[in-house]
Amino acid sequence: MSKLNSGILGTGHSFPEGILTNADLERIVDTSDEWITTRTGIKQRRKAAPDEYTSQFAVRASRQAIARAGIDPADIDLILCATVTPDQILPSTGCLIQAELGAHKAAAMDIVAACSGFLYGLSLADAMIRGGQSEYALVIGAEILTRYVDYTDRSTCVLFGDGAGAAVVGAVESGRGILAAKIRSDGRYQDQLYAPGGGTKGGFSAETIARGDHFFKMKGNELFKIAVRSMADISREVLLEAGLTTEDVKLFIPHQANQRITDAVANKLNVDTSMVYSNIAMHGNTSSASIPIGLDECVTAGRVQKGDVILMASFGGGVTWGGVVVRW
Ligand code: COA
């Protein structure tokens, strides 16, 4: 079989217009701008209006990515939508996006890997393209996390925001594109970040809703340590597989969970802070959307040049983690 390389051909992102600032949160729960800023780096996050839904932002981000890739929606043969906040349980958000885009040739599905979902999608798209099963894949991370946040729980409600990012992945010349991709999970840590209600185990009734079982529950301290270790380890693994070191990296885009996590990972990897992208102050943690949003912001700001090595690493509930190295 011929060994094609896959690469990112176009990116896009989209946000709801609504903004929730730290000052707004001070009026909702017992918190302060000072605590949120020093403990997380977050100043504001986007918040969808009650009548907005996840696929709307996914479709806007996807249209940008498709246009920048210079292809037609009808060319796409694979849609992978990473989300833990789908429009509805059935059908997949991927199928809803497919219909809206008119990408009728595609196989469409959702990936449930929390904050690692986009890198899971990139890794799968890369394998499908290199294996000859896909020509153009659309990989999306899209979330309306604020719908599943308990605004009486100050330890989680300050962290999360809404948004979507997308990338078109297709064949590129050898030596470029995705040089290495690895994805991992460990279900033994399932109780670190979870939402017990709404499924066949926790059920859904007036009582489960009144109890707030559908809201995210999180053990922030423990997750913090696993996140730092996992993201640093997988970053080293993918760089090693690509035959590179951190000195080759021009841009590091980690999942945006907490500025202190980003700083700790960069420190462990010995990456110069000027190479590390951070948008957490403006957007908070947008789960699967954070890396594709960051990537698109870097691309449109001219921060990525042809030939640059980009490292991406993520960590999320499950727990899940992943790393991808790209030569642009
Ligand atoms: N405002 C004010 N005080 C708050 C607060 C808030 N929003 N949230 C928590 N606190 C308080 C706690 O109640 C605690 O008070 P106490 O000492 O009187 O009990 C104190 O601040 C310290 O809490 P702690 O949980 O130890 O803070 P922390 O420094 O670990 O920061 C997180 C909490 C959640 C910001 C941090 O642990 C984190 O980012 N974890 C990883 C989260 C993550 O990555 N999740 C998603 C995976 S992608």
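Along the sequence shown, the residues carry numbers beginning at 1.
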Report yes or no: does Thr320 contribute a side-chain atom to a donor-acceptor pair with the main-chain N or O of Ala113 at less than 3.5 Å? yes
Tyr151 atom OH, over 12 foreign heavy atoms within 6.0 Å: yes
Any side-chain heavy atom of Phe215 sitting closer than 4.5 Å to one from Asp153? no
Taken to the nearest 0.5 Å, the spacing of Gln98 CD from Ile79 CD1 works out to 5.0 Å
Is it the case that the side chains of Thr37 and Lys43 hold a donor-acceptor pair, with the cut-off being a distance below 3.5 Å and no angle test? yes
Just how far is it from atom CG of Asn5 to atom CG of Leu179, taken to the nearest 0.5 Å? 7.0 Å
Do Leu295 and Ile310 have side chains that approach each other closer than 4.5 Å (heavy atoms only, starting at C-beta)? yes
May I ask you to test the Thr85-Arg147 pair for a side-chain heavy-atom distance under 4.5 Å? no
Nearest 0.5 Å, what's the CG-CD1 distance between Asp186 and Ile226? 8.0 Å
Taking the side chain as everything from C-beta on, heavy atoms only, tell me whether Gln256 gets closer than 4.5 Å to Ile293. no
Test item: Leu251 and Asp308 side chains (from C-beta on) under 4.5 Å apart, heavy atoms: no
Has Lys217 got more than 12 heavy atoms of other residues, nucleotides or ligands less than 6.0 Å from its NZ? yes
For Tyr53, is there any backbone N or O sitting under 3.5 Å from a side-chain donor or acceptor partner on Gln56? yes
Any donor-acceptor pair under 3.5 Å linking the side-chain atoms of Ser230 with those of Asp233? no
Would a 4.5 Å heavy-atom cut-off, applied to side chains only, mark Arg236 and Lys268 as touching? yes
Decide, yes or no, whether a salt bridge links Lys105 with Asp75 under the criterion of side-chain N to carboxylate O below 4.0 Å. no
Closest non-hydrogen atoms of Ala289 and Gly165, given as atom of the first, atom of the second and distance, are CB-N, 4.1 Å
Parallel, tilted or perpendicular: which one describes the rings of Phe15 and His283, with boundaries at 30° and 60°? tilted
What's the separation between atom OG1 in Thr31 and atom CG in Leu25, rounded to the nearest 0.5 Å? 7.0 Å
So among Ser123, Ser185, Ser314, which one has a side-chain hydrogen bond (donor to acceptor under 3.5 Å, both in side chains) with Ser116? Ser314
For a quick test of reading the model, state the closest non-hydrogen atom pair linking Ser288 to Ala114 and the distance between them. CB-O, 3.6 Å
Does a donor on one side chain sit under 3.5 Å from an acceptor on the other, for Thr93 and Asp87? no
Verify the neighbour count for atom OH of Tyr136: are there more than 12 heavy atoms of other residues, nucleotides or ligands below 6.0 Å? no
Salt-bridged, Glu52 to Arg46, with N to O below 4.0 Å? no
Heavy atoms, side chains only, cut-off 4.5 Å: are Arg130 and Ile178 in contact? no
Taking atom types as modelled, find out whether Glu143 and Thr83 have a side-chain donor-acceptor pair closer than 3.5 angstrom. yes
Should the pair Arg68-Asp296 be classified as a salt bridge under the 4.0 Å nitrogen-to-oxygen rule? yes
Shortest non-hydrogen pair, Ile28 vs Leu20, comes out as CD1-CD1, 4.4 Å
Just wondering, are more than 12 heavy atoms of other shown residues or ligands nearer than 6.0 Å to CE in Met275? yes
Are Ile140 and Pro292 side-chain neighbours, meaning at least one heavy-atom pair lies under 4.5 Å? no
Consider only side-chain N and O atoms of Asp263 and Gln259, and report whether a donor and an acceptor are under 3.5 Å apart. yes
Mind listing the closest non-hydrogen atom pair of Ser287 and Asn285 along with its distance? N-OD1, 2.7 Å
